[in-house]
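Data first, discussion second: the structure below is written as structure tokens.
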Amino acid sequence: MSAISHHSEPQAGRGGFGRLLRAEWIKFRTVRGWVVTMTAAALVTVLLGLLSASSNHASCSAGPVEIACPPPLVGPDGEAVDDKFYFVHRPLSGDGSITARLTSMTGQIRKPDITPGQRNVVPGVVPWAKAGVMIKESTKQGSAYAAVMMTGEHGVRMQHNFTHDVAGQPGGVSQQSPRWFRLTRSGDTLTGYESADGTNWTQIGTATLAGLPQIVQIGMFATSPGDLTVTQGDLGGSIAAARFTEATGEFDQVELQGNTSGAWRTDDIDVTIAPDGAEHHPGRASQSGGTFSITGVGDIAPAIEGPTPERPLSSALTGLILVIVVAVMFITAEYRHGLIRTTLLAGPRRGRMLAVKALALGLVTFAAALPATAITFTVGGRILRDNGNAVLPVSLLTQVRIVVGMAALFALAAVLSLALGALLRRSVAAVITAIAVIVVPHILATTSVLPDSAAQWLLRVTPAAGFATQQSIPEYAHVLGHYAPIAGFYPLPPWAGLAVLAGYAALALGLAVIQLRRRDA
């Protein structure tokens, strides 16, 4: 052992960081058990992910016949959207505008039944019920649009192309009615205005709808998303349910400018057809002189419910546990076999030695996890779609972020586990600790065990925050949803979650370096 020490020490200055990194890589690949386990972690991630995707089948019904579920409706920017409302409209050729006064907005909400079998329907509007004026490319679902509207509790808004939302005057419909709205078209640019008296106008915002055709549809609309109720399950987790609602907007003083022709047309966009062929919860409209009453059901917004493309990556937990075992063994084996002083002589600066080991392990783990997560994500997603699942679409950039982010999660978890191994110096204790701080919080937060607040707290302050990198569908401020970990939503943005995990890894490494300097000086 002294001969090894004497030979290694002079080389430290000549080889530097690169030589030490290569030495750690050689050390890793010469231990067959580590290589086999790391390979097994990648294979398990892929195989379990594809198996999970293969077991997920979905179908829809058309009357008594089961059919493949249609793909999600896609908006102008490629995101999944809901486009369901009642529309009273005329064609507009070229530039023009619509001005209308919303005199009132009312509605109905179905609440949980108090008496079994008796529908509990109460008057009222949900926070994101909408009624206003709209210019839309066509009546085809998912087509481009811009709208100025009153909402149930979020005041006046201008929205366009489903994901874009600009606030006007605040306050609910009870504080804002009556309200004048104006929407103008000049080429591809649409501008929204509001007024309290029909004389003094305030601009809300503008929207550019690239490629807007010469002839568009201009008119008034109403819609109302379901009333979301979140209750606590028997095990502590949350259960969300959305119930029927409708909103009715009353309009008068309607004025059109530009080249419009013909009578007003009505369309119940995406009305649900029941198995017997009848319309289920249809909208409606009536006109008396210059007054319009429009009732709508549904929403015009991004869709956030449905199978998400990251679902096959749920298998990553099993692979991650194997990575944790390898990472811990990579450092504790040196203590167990008395090799740590030889390693220190090769690189006398203890902080550098541990940093080199962490970097080598992180690179190896990332290299193994990247193809595994890429295969699981892409092939697993294809299997889900082939099995009839209407997987929500996401952009290519989001797909790359999920794959690379999950590989980074594996690498950072490996570095944190190595640091815990250096601190505890006992394999079993370090493995249990690493699993307890990385894997267990994620399991507790994403199953029906904890209340939503506790689950979100865990995913903010523990290393499990790193799992936020796999979230594909963002939260939208103008969409009421069950934004909880059990529904696939994390409290931190993807890269912020990874930053929390990286912070824990850096802190543990720093403590390990301090301990190494004190105990092995």
Side-chain angles (χ1 to χ4, degrees), residues 34 37-38 40-49 51-52 235-237 310-332 358 361-362 364-366 368-369 372-373 376-377 402 405-424 426-450 454-471 484-486 488-492 494 496-509:
W34 297 345
T37 307
M38 187 67 74
L43 292 176
V44 164
T45 299
V46 173
L47 294 177
L48 290 183
L51 180 64
S52 172
L235 297 178
E310 71 270 18
R311 179 176 289 186
L313 289 174
S314 60
S315 62
L317 285 178
T318 304
L320 187 59
I321 291 173
L322 294 178
V323 167
I324 288 173
V325 172
V326 174
V328 169
M329 295 295 294
F330 190 47
I331 184 68
T332 57
L361 178 65
V364 168
T365 305
F366 185 85
T373 54
T376 305
F377 182 83
I402 292 172
M406 285 300 291
L409 166 70
F410 271 68
L412 290 170
V415 172
L416 175 56
S417 301
L418 178 137
L420 291 172
L423 284 169
L424 300 176
R426 297 185 183 277
S427 301
V428 175
V431 167
I432 292 175
T433 302
I435 292 175
V437 299
I438 302 172
V439 178
V440 173
H442 182 264
I443 294 175
L444 293 175
T446 56
T447 55
S448 301
V449 176
L450 299 175
Q456 291 177 346
W457 180 83
L458 276 180
L459 294 178
R460 288 180 187 273
V461 301
T462 70
F467 284 95
T469 190
Q470 66 182 326
Q471 180 177 322
I486 193 173
F489 294 94
Y490 291 79
L492 295 177
L498 275 181
V500 172
L501 175 57
Y504 274 101
L507 175 62
L509 274 176

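When all heavy atoms of Met38 and Ala368 are compared, the closest pair comes out as CG-CB, 3.9 Å. Residues Leu361 and Ala414 approach most closely at CD2-O, 3.5 Å, considering heavy atoms. Contact detail for Ala505 and Val415: the closest heavy-atom pair is CB-CG1, 4.1 Å. A pairwise comparison of heavy atoms in Ala42 and Ala372 identifies O-CB, 3.7 Å as the closest pair. Listed here is the closest heavy atom pair of Pro463 and Val437: CD-O, 3.2 Å.
To the nearest 0.5 angstrom, Leu51 atom CG is 11.5 Å from Thr376 atom OG1. Considering CD1 of Ile402 and CG of Leu409, their distance stands at 12.5 Å, rounded to 0.5 Å. Annotation: the span from Met329 atom CE to Thr37 atom OG1 amounts to 9.0 Å, rounded to 0.5 Å. To the nearest 0.5 Å, the span separating CG on Leu498 from OG1 on Thr469 amounts to 4.5 Å. The distance from atom CD1 of Ile432 to atom CZ of Arg426, rounded to the nearest 0.5 Å, is 12.5 Å. The distance from the CZ atom of Arg460 to the CG atom of Leu492 is 5.5 Å, given to the nearest 0.5 Å.
Here the side chains of Ile321 and Ile435 are in contact, with some heavy-atom distance below 4.5 Å. By the 4.5 Å heavy-atom criterion applied to side chains, Thr373 and Leu313 are counted as neighbours. Side chains of Leu459 and Val500 form no contact here, defined as non-hydrogen atoms less than 4.5 Å apart. Leu458 places none of its side-chain heavy atoms less than 4.5 Å from the side chain of Pro485.
Classification of the Tyr490-His442 ring pair by plane angle, with boundaries at 30° and 60°, yields parallel.
In this structure a side-chain-to-backbone donor-acceptor pair under 3.5 Å is present from Ser315 to Gly49. With hydrogens and angles ignored, the 3.5 Å screen pairs a side-chain donor or acceptor of Tyr504 with a backbone N or O of Val461. With Ser52 contributing its side chain and Leu48 its backbone, the two residues share no donor-acceptor pair below 3.5 Å.
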| Could you go step by step and tell me if Ile438 and Ser417 meet the side chain to side chain contact (heavy atoms under 4.5 Å, CB included) rule? | CA-CA 9 Å; Ile438 302 172; Ser417 301; 4.2 Å; yes

| Verdict with supporting geometry, Ser427 and Thr332, side chain to side chain donor-acceptor pair (under 3.5 Å) | CA-CA 6 Å; Ser427 301; Thr332 57; 2.8 Å; yes

| said: Set out, in order, the CA-CA distance, both residues' side-chain angles and the distance that settles side chain to side chain contact (heavy atoms under 4.5 Å, CB included) for Leu320 and Phe467, then state yes or no. | reply: CA-CA 12 Å; Leu320 187 59; Phe467 284 95; 3.8 Å; yes

| request: Evaluate the side chain to side chain contact (heavy atoms under 4.5 Å, CB included) criterion for residues Val439 and Ile324: first the C-alpha distance (whole Å), next the side-chain angles of each, then the deciding distance (0.1 Å), finally the verdict. | output: CA-CA 10 Å; Val439 178; Ile324 288 173; 4.2 Å; yes

| task | Applying side chain to side chain contact (heavy atoms under 4.5 Å, CB included), run through Thr45 and Phe410 and close with a yes or a no. | result | CA-CA 11 Å; Thr45 299; Phe410 271 68; 4.0 Å; yes

